[in-house]
Every structure is written in C-alpha cells, then in structure tokens.
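The block underneath contains the structure these notes are about, expressed in structure tokens.
Just so you know, residue 1 is the first one in the sequence shown, and it goes up from there.
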Amino acid sequence: MTYAIVYSSMTGNTRQLALAIQAALPAERCLYCGGPAPEALAADILYVGFWTDKGDCDPSVADFLSQVTGQKVFLFGTAGFGGSPEYFERILTTVRGHLPQGTSVTGSYMCQGKMPAAVRARYEVMEENPRRAAMLENFDKALSHPDQSDLDALVTAVRASAGI
C-alpha cells in the first residue's frame with residue numbers, strides 16, 4: 001500500500017511530526033511528502049498533519065481533507081495550548097468534520113507545540129490575573145514540544161494503525 005504525508009506547519013512543529021512519520025515508514029511506499037497537493041490523493045493511505053487554528057486545522061488542510069476520495073486517513077497535529085487529551089480530542093473531532101462522510105480514519109495523534117515569542121509578548125502585556133498567569137505557564141511548558149517522547153508516541157500510533 002502506498003502512502004502520502006500531507007501537512008501544514010506554521011512554526012515547524014507539525015513538520016517535525018511529519019518527518020518522524022516519514023522516517024518510521026517504508027520509504028519505497030511514499031508517493032508524496034509536503035504541503036496539501038492534489039498528487040497526494042493518489043496514495044492509499046494519507047497521513048495528514050495540521051497546526052491548530054482556533055480549535056480547527058488551518059484552511060489549506062481543511063480544503064485538502066474535503067477532497068479525500070476513499071483513502072484511509074491518519075490525522076496528526078500540534079496545538080500551542082495542550083496537555084489535555086479532552087482538548088486534543090475536541091480539535092480532532094472538528095478536523096474529522098472536514099472529511100467526506102464514510103472516510104476511514106485509522107488513527108490520530110496530537111501533541112503540544114511551541115509557539116512564537118510574539119505570543120508570549122502578547123500575554124505579558126495583558127492585565128495581571130489568573131488567566132494570564134495560566135497562559136504564560138502554558139507558553140513556557142510548550143517551549144520544549146514536540147519533544148522526543150511526543151515523536152516516539154506518534155511513531156507508535158502510526159505503526160499501530162499501519163499494523164507494523
């Protein structure tokens with residue numbers, strides 16, 4: 001079975017995940033690895049990655065997902081806010097909504113990803129309150145992600161979905 005890895009990465013976090021998938025799967029079966037493109041739709045299995053934009057994937061990935069025509073799909077993504085499996089599942093549920101009805105989703109994985117310094121600067125000028133403190137704490141926690149344990153967990157999920 002052939003596969004394609006399609007991803008959008010604003011800060012490089014999702015690209016890290018995509019490259020981990022590429023390194024874990026047989027190279028000879030890879031038809032495509034890169035941004036959303038029609039040629040990826042020729043593959044049997046699509047590994048589709050996204051960065052989180054207001055609780056959803058970015059528009060380029062949403063458009064790509066709407067074009068899926070019977071391939072199996074594995075979704076993966078990063079979110080600056082995170083750590084909560086429930087939060088990640090809400091995002092994945094929203095992203096799955098872009099797929100045509102009946103599409104087989106073989107697996108999914110999400111982890112936290114670091115955010116640009118400009119985000120922290122925005123938080124720093126906010127009025128001092130518990131929400132601001134939590135946002136700054138989350139920003140600082142995200143700085144090391146995706147880390148090796150995130151990449152290892154992704155590869156484990158991908159291999160399990162592929163029966164490897």
>> Using side-chain contact (heavy atoms from CB on, under 4.5 Å), reason through S149 and L151 one step at a time and then give a plain yes or no.
In response: CA-CA 5 Å; S149 66; L151 299 176; over 6 Å; no
>> side-chain contact (heavy atoms from CB on, under 4.5 Å), that's the test. Do F50 and V48 meet it? Break it down for me.
In response: CA-CA 7 Å; F50 59 91; V48 182; 5.7 Å; no
> Hey, mind stepping through C111 and N13 against side-chain contact (heavy atoms from CB on, under 4.5 Å) and telling me if it holds?
Replying inline: CA-CA 9 Å; C111 68; N13 297 328; over 6 Å; no
> Going through the distances and angles, do R131 and M126 end up as a side-chain contact (heavy atoms from CB on, under 4.5 Å)?
Replying inline: CA-CA 10 Å; R131 182 173 181 266; M126 293 170 64; 3.6 Å; yes
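Atom OG of S8 sits about 12.0 Å away from atom CG of D63, to the nearest 0.5 Å. Rounded to the nearest 0.5 angstrom, L46 CG and S104 OG are separated by 11.0 Å. Here SG of C57 is found 12.0 Å from CZ of R96. Values are rounded to the nearest 0.5 Å. Atoms CE and OH, on M110 and Y87 in that order, are 7.0 Å from each other to the nearest 0.5 Å. Expressed to the nearest 0.5 Å, how far CZ of R159 lies from OG of S161 amounts to 11.0 Å.
In this structure, D53 contributes its side chain and D56 its backbone to no donor-acceptor pair below 3.5 Å. In this structure, the side chain of T103 does not engage the main chain of L99 through any donor-acceptor pair within 3.5 Å.
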With a 3.5 Å cut-off and sequence neighbours excluded, list the donor-acceptor pairs that the side chains of residues 68-81 form with protein atoms.
from: Q71; atom 1: OE1; to: T69; atom 2: N; distance (Å): 2.7
from: Q71; atom 1: NE2; to: L41; atom 2: O; distance (Å): 2.6
from: T78; atom 1: OG1; to: T14; atom 2: OG1; distance (Å): 2.9

Distance-only donor-acceptor hits, side chain of residues 18-27, under 3.5 Å, sequence neighbours excluded:
none

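A donor-acceptor pair shorter than 3.5 Å cannot be found between the side chains of S9 and W51.
The shortest side-chain heavy-atom distance between P146 and K114 falls under the 4.5 Å cut-off.
Evaluation of the side chain to side chain donor-acceptor pair (under 3.5 Å) rule for T52 yields no partner, not counting sequence neighbours. Residues satisfying the side chain to side chain donor-acceptor pair (under 3.5 Å) test with S60, not counting sequence neighbours, are D58. Residues that satisfy the salt bridge (Lys or Arg N to Asp or Glu O under 4.0 Å) test with E128, not counting sequence neighbours, are R132.
For E127, the CD atom is loosely surrounded, since the number of other residues' heavy atoms within 6.0 Å does not exceed 12.
When hydrophobic clusters are built by joining Ile, Leu, Val, Met, Phe, Trp and Tyr residues whose side-chain heavy atoms come closer than 4.5 Å, directly or via intermediates, V105 is grouped together with V6.
Residue pairs meeting the side chain to side chain donor-acceptor pair (under 3.5 Å) criterion with at least one member in residues 32-50, sequence neighbours excluded, are T2-D44.
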